[in-house]
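The next block holds one structure in the form of structure tokens; read it before the comments.
Start at 1 with the first residue, then count along the sequence. This structure is a prediction, so every number in the text was calculated from the model and none was measured.
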Amino acid sequence: MDLSSINRSKQDKIFDFFNIALLTLLLIAVMYPLYFVIIASISNPDRIFAGDVWLFPRDITFEGYIRIFQDGKIWTGYKNTIIYTTLGTALNIALTLTAAYALSRKDFYGRTFFMVMFVFTMFFSGGLIPTYLVVKDLGMVNTMWALIIPKAVAVWNIIVARTFFQATIPNEMHEAAKVDGCSNTKFFLKIVLPLSKPIIAVMVLFYAVSHWNSYFDALIYLNDESLYPLQMVLRNILIQNEAAATMVGDLDSFAAQQRIAELIKYGVIIVGSLPLLIVYPFIQKYFVQGVMIGGIKG
């Protein structure tokens, strides 16, 4: 028996052990905060303050969630966020894929110039005030379009999608389709898009998460609370402590209000994160595949 193979096997086992131990620690560091928020949102606030809640919920109660879903602002925020995310992501995907495909074509005249101009905007921009003035002059302040149009395209996503097209759609395929009388538009719609499910899933996830978690644009451009996205509503609850006014006003005791407000703060974090946590497992396969292919070459 070759002793070198035995020694190597032992080294591999030691290497695997340390890898697994390190990854386990990283997993705990990432997952435990979310787990704690979940168990804290259904635990007695007094037990949380006492430090008794760290591994399992204590004195389980769902009063926080009941009060959250009884508040009309939460449902309005959900509705607005779904609208912003759906429309915004659809526009993002349409513009990103069309721009990326055009820039991936070697026969597109001036593609280097346009690519340089796109990349330039990644490093230099007008800033917040000029952007606000542009949005204001376009009449989009205090409208839903202020949260959609200014973020219509992300240059980095264009670069990733362009790389995917270059690696996946060969020029020979386009030439063969052209010989059969297929136009550029038909080729893109009938051939390119069906072959691009992985990168489409990646782009949808990137853009949808960005829209879903966005609150700063709403803070800048919106004044009407009926237009606030969910994250803006949750921000007001978590930071400005509006829970006392909107969800616990029926409680006479200040101590009772503080107890329920603590439950609500944990609960709204779960309410805001749950939809994305539910959707992600269904597109994880395409997400991983699209990221790997999109990073093959630049």
Do the side chains of [Y] and [X] get nearer than 4.5 Å, heavy atoms only?
X    : Y    : result
V141 : Y132 : yes
F187 : Y101 : yes
R58  : N44  : no
I159 : M122 : yes
W145 : L138 : no
L103 : F165 : no
T121 : M117 : no
Y32  : L27  : no

Worked verdict on F124 versus F120 for ring-ring contact (aromatic ring centres under 6.0 Å, His included): CA-CA 6 Å; F124 303 96; F120 181 84; 4.9 Å; yes
Test log, rule side chain to side chain contact (heavy atoms under 4.5 Å, CB included), inputs Y221 and N142: CA-CA 6 Å; Y221 300 122; N142 209 31; over 6 Å; no
Working to the nearest 0.5 Å, report the span between [atom1] of [X] and [atom2] of [Y].
X    : Y    : atom1 : atom2 : value
I68  : E63  : CD1   : CD    : 11.0 Å
I264 : L234 : CD1   : CG    : 11.5 Å
I74  : R67  : CD1   : CZ    : 13.5 Å
W75  : N80  : CH2   : CG    : 13.5 Å
I93  : L193 : CD1   : CG    : 10.5 Å
R111 : R105 : CZ    : CZ    : 10.0 Å

Minimum heavy-atom separation for [X] and [Y], please, with both atom names.
X    : Y    : result
A99  : I158 : CB-CD1, 4.1 Å
L95  : A152 : CD1-CB, 3.7 Å
P194 : K190 : CG-O, 3.2 Å
W212 : Q231 : O-CG, 2.8 Å
A161 : L97  : CB-CD2, 4.4 Å
T143 : L222 : O-CD2, 3.5 Å

Partner of H211 by side-chain hydrogen bond (donor to acceptor under 3.5 Å, both in side chains), out of D217, T86, N92: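 Result: among D217, T86, N92, N92 is the only option passing the side-chain hydrogen bond (donor to acceptor under 3.5 Å, both in side chains) with H211.
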ILVMFWY network linking [X] to [Y], side-chain heavy atoms under 4.5 angstrom:
X    : Y    : value
Y65  : I60  : yes
L128 : F123 : yes
I149 : F118 : yes
L25  : F18  : no
V134 : V155 : yes

side-chain hydrogen bond (donor to acceptor under 3.5 Å, both in side chains) between K265 and S41, worked out: CA-CA 8 Å; K265 287 182 179 181; S41 68; over 6 Å; no
Neighbour count above 12 (heavy atom, 6.0 Å) for F216 CZ: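 No - once you tally the heavy atoms of other residues, nucleotides and ligands closer than 6.0 Å, there are 12 at most.
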L23 atom CG, neighbour heavy-atom count above 12 within 6.0 Å: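 Enclosed.
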Any luck finding a side-chain donor-acceptor pair between [X] and [Y] under 3.5 Å?
X    : Y    : value
T96  : Y207 : yes
Y228 : T76  : no
S183 : K178 : no

Criterion side chain to side chain contact (heavy atoms under 4.5 Å, CB included) on F188 and T98, from CA distance to verdict: CA-CA 9 Å; F188 177 73; T98 51; 4.0 Å; yes
